[in-house]
Structure formats: structure tokens, C-alpha cells
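Inspection log for the structure reproduced underneath, given as C-alpha cells.
Note that this is a predicted model, so its numbers are computed, not measured.
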Amino acid sequence: MASAAVCSAEQQQPREEEQKKQQDISSELEIGEVHDVQELQRACVEDVPERYVREGDDRPGGANVCEQAQIPVIDLGELRRGEGDELARLRLACEDWGFFQVVNHGVEGELLDEMEKLARGFFALPLEEKQRYPMAPGGIQGYGHAFVFSDDQKLDWCNMLALGVSPPAIRRPALWPTAPALFSDTLVRYSAEVRALCVVLLAHVAETLGLAPGTFEGMFGGEAAVQAVRMNFYPPCPRPDLVLGLSAHSDGSAVTVLQQEAGRVGLQVRRGDAWVPVHPVPRALVINIGDSLEVLTNGRYKSVEHRAVTNSEQDRMSIVTFYAPAYDVEMGPLPELVGDGEPCRYRRFNHGEYSRHYVTSKLEGKKTLDFAKIN
């Protein structure tokens, strides 16, 4: 099969120039006062600051939350063994939902527990310690608030720690916490296992499309494929009916892997006009399709909007891994999925170009994907 994505180094700008662009963006932005929401919660504020208060349909809750529906659960062990109709179930999950939980995924339970404990330990540190790893205005790595670009933008009730993992060139070592002890070493081990899971998942996704299992891994650039992690901490909020923990959005990745804590529900997935809460399955990981895979499948499998809501009594934390093609990969629908009455719905573009567009845009549903659509 001819590869549908090729490396085009001449389209990739030097890393130093990209970093300078980010610095220029950060220096030009005026984002106003951005509170640390954990500190607001510790101060026992009764009134939520105005910048966090949503309006109208943007507020959570109400009749458009569907508690009865559940996203599918896929058994990766059965997929690996080729047992039952698990491949057909995966196809339906990708076509109908764009979200599913996966069990028997191969990531060690002890490692999941250790990473969760260390991430919680980081967010429990004093503010001064966490601020040693600051996220610059408009930046996407470090501790703080991502996707904030103006002083009148509504804010999310969430603190974040975001880090580039692979390839090594995207890492910012100064932003990797030295406390708690073993945080960074554990994150490296955790990320290696999650990356292996992404490769396996994409192989099975390719099979559901009638493609060779190695199709996506072959075009993603191997070791140059991009992997990043973001840890989200949502402290209790005095008015969860007025705020969002994370604004509705789709992910720019190919696939996203989310670890959520047992017994703590906050993630919601859009299905039609409703929002479906994702109830954690013990030891499962949540998988969702990102914009990149929507483009590659010519819209056969679509990325899906999702958001996070808060709670007045209980905090919540999630660990999210984003896996995407290398920055110098040329993106576009696979030739096998175009034709026979299926028009080409997306243009060809450099993935690094789309990634820059995504991280310099506020979270606003699937609006960033307009970048790639053919009108």
C-alpha cells in the first residue's frame, strides 16, 4: 500500500524558530488575572469570580445531560487474541461514539496507581513550589492554565500540569517537577506503556477500516510521533452549576488516552444534543478519537466534543496522554477511504501547521478543525 503521509522536512520550521514564535506570542498576550483555583478553594470563597461564570447553554447540568447512556467498553485482551466480535464492537464504538473505555489494556495497575498518587502529590504541593514550573501566557507546557489568550475570556475551574514527552526535542526539562520524588522517572515509564497501548489500538483501528495493521504507525513517523501528557486537577467549586472544569472541545491528537479516578465522575461526552457522563470502570482507560484521525479516515471516524464539570464536595484529577503524528508528516485522507461515492472532505496539510493552529486557539468545540475542512 502506498503511504498516504510523507515526511516533508522542507515544510517544518526549525525548532528554535518555533520556540521564538511562542515567546513572541506570550509577550504580546494580555490575559488579565488568572486565579489558581486550588487557592480559591482553600480560601473558602463563596462567590465564584466572574471570569469563571458561564452564560446560558454554556452552563453545565440541566435536561441535556443523559445519565442513562454509557460509552462502550472494549476488551483489548479479546482483540489481541482475535476472539469473539470485539473488532466489530470497536468499529461501532469508533463510528457511533468516538469514545470508549478499554479494559485488559496491558498498562500495569501498579503503575497506574503510582502515577495517580504522584500526580496528586504534585497538586498538593504549596503554590510557591508548583510555580517553579510556570506555564507562560499562551503556552502549553508547565503549571497553570492553558488555552487562555485574552483578558475577557471565560476560564475553566482547573489547574493543569502539561508536559511534552516525545520526541525528546519537545521536552522542556526545566518544567518537569523534581517533587514529589520519582515523579519524572515514573512519568517516563508510564508514558512508554501508554505509547505502546496507542500503537496497538491504532493497529486494531486500522483493521476495522480494512487497512493493514501497521498503516498508522508507518505514517506517524515512528519514534518522531508526538506524545504529550496533561494532568488536570479540579478542586471542589462552591457553584458547580455556574462553571466548567474544562471547556467543550475535541482533541487535536490522533488518539487520546485518559486515566480517571475511580468513583469520581466529571468527564462528559457530547452525543447529539446531549452530554453523556463517563462513569469510570475499574482499571479501565478512556480512549477518544482526535481530529488527526478524523482527517486520516476522511470523517469515517470523527473526533467528539467533550468537557469536564465540577463538584461542590469532591475534587477530581485526570491524567491525559495525547498521541499524534510527527510534526513533519503531511496529513490528509487516506486514498483507500476516498472515492466510491465518498468525496475528499479534508485538504492536505503539514501536521505541525495544524498543531500550531490548535494550541494557539481557545477551546471552542470542534472549531479548530475548520482549518482542515474542504468547504
Side-chain angles (χ1 to χ4, degrees), residues 1-7 71-106 194-222 225-227 250-257 269 271 285-305 321-326 329-349 351 354 366 369 372-374:
M1 184 197 74
S3 174
V6 297
C7 294
I71 68 170
V73 177
I74 300 297
D75 189 327
L76 189 57
E78 290 192 10
L79 269 177
R80 284 182 165 127
R81 294 188 296 270
E83 296 177 356
D85 58 355
E86 211 65 13
L87 192 66
R89 294 183 70 243
L90 176 61
R91 180 185 300 110
L92 285 174
C94 293
E95 286 180 343
D96 293 349
W97 283 90
F99 260 85
F100 54 92
Q101 300 198 62
V102 62
V103 296
N104 296 321
H105 43 66
V194 173
R195 188 183 185 93
L197 170 62
C198 290
V199 171
V200 170
L201 281 170
L202 284 168
H204 290 302
V205 169
E207 289 183 283
T208 67
L209 294 163
L211 304 172
T215 298
F216 294 118
E217 182 62 11
M219 69 174 62
F220 275 28
V226 176
Q227 183 178 357
S250 62
D251 294 335
S253 58
V255 290
T256 299
V257 179
V269 175
R271 186 163 176 81
L285 293 169
V286 180
I287 311 298
N288 65 275
I289 289 168
D291 296 345
S292 296
L293 198 59
E294 176 171 335
V295 170
L296 289 168
T297 65
N298 197 33
R300 179 85 62 88
Y301 296 161
K302 290 182 171 60
S303 61
V304 176
E305 284 184 59
T321 297
F322 305 97
Y323 186 71
V329 166
E330 185 182 335
M331 296 279 294
L334 291 162
E336 296 91 333
L337 303 178
V338 178
D340 294 328
E342 288 292 332
C344 185
R345 295 182 171 89
Y346 307 90
R347 67 182 180 87
R348 300 193 70 80
F349 56 90
H351 180 249
Y354 181 65
K366 292 188 63 169
L369 194 56
K373 290 180 178 177
I374 296 174

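Each side-chain hydrogen bond (donor to acceptor under 3.5 Å, both in side chains) pair with one or both residues in residues 91-102, not counting sequence neighbours, would appear here, but there are none. Contacts classified as side-chain hydrogen bond (donor to acceptor under 3.5 Å, both in side chains) and involving residues 194-204 (residues at least two apart or in different chains) are given here: R195-Q227, H204-E207. Counting only residues at least two apart or in different chains, side-chain hydrogen bond (donor to acceptor under 3.5 Å, both in side chains) contacts with residues 292-302 comprise T208-Y301, E294-S303, E294-Y346, E294-K366.
A212 and A206 get closest at one heavy-atom pair: O-CB, 3.4 Å. The two atoms that bring D291 and S250 nearest to each other are OD1-OG, 2.9 Å, heavy atoms only. Contact detail for C344 and P333: the closest heavy-atom pair is SG-CG, 3.7 Å.
For R81, the side-chain hydrogen bond (donor to acceptor under 3.5 Å, both in side chains) test picks out E83, with sequence neighbours left out. Listed by chain and residue number, R89 satisfy the salt bridge (charged side-chain N to carboxylate O under 4.0 Å, His left out) test with E86 (two or more places apart in sequence, or in another chain). Applying the side-chain hydrogen bond (donor to acceptor under 3.5 Å, both in side chains) test to R271 and every residue at least two apart in sequence or in another chain returns nothing. Scored by the salt bridge (charged side-chain N to carboxylate O under 4.0 Å, His left out) test, E342 finds R345 as partners (sequence neighbours excluded). Shown here are the salt bridge (charged side-chain N to carboxylate O under 4.0 Å, His left out) partners of R347, two or more places apart in sequence or in another chain: there are none. The ring pair (Phe, Tyr, Trp, His ring centres under 6.0 Å) search around F216 returns none, not counting sequence neighbours. Every side-chain hydrogen bond (donor to acceptor under 3.5 Å, both in side chains) that E217 has, sequence neighbours left out, goes to Y323.
In this structure, the separation between CZ on F100 and CD1 on I71 is 9.0 Å, given to the nearest 0.5 Å. Taking CG from L296 and OG1 from T215, the interatomic distance works out to 10.5 Å, rounded to the nearest 0.5 Å. Note that the CG atom of L76 and the CZ atom of R80 stand 4.0 Å from one another [nearest 0.5 Å]. Here L202 contributes atom CG and L293 contributes atom CG; the two are 6.5 Å apart, rounded to the nearest 0.5 Å. Between atom OG1 of residue T321 and atom CG of residue L197 there is a gap of 9.5 Å, rounded to the nearest 0.5 Å. Between atom CG of residue L79 and atom NE2 of residue H105 there is a gap of 13.5 Å, rounded to the nearest 0.5 Å.
Using a distance-only test at 3.5 Å, with no hydrogens or angles considered, a donor-acceptor pair links the side chain of H351 to the main chain of P325.
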Working for side chain to side chain contact (heavy atoms under 4.5 Å, CB included), residues T256 and S253: CA-CA 6 Å; T256 299; S253 58; 2.7 Å; yes
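The one candidate from L285, V102, N288, V286 that meets the side-chain contact (heavy atoms from CB on, under 4.5 Å) condition with V257 is L285.
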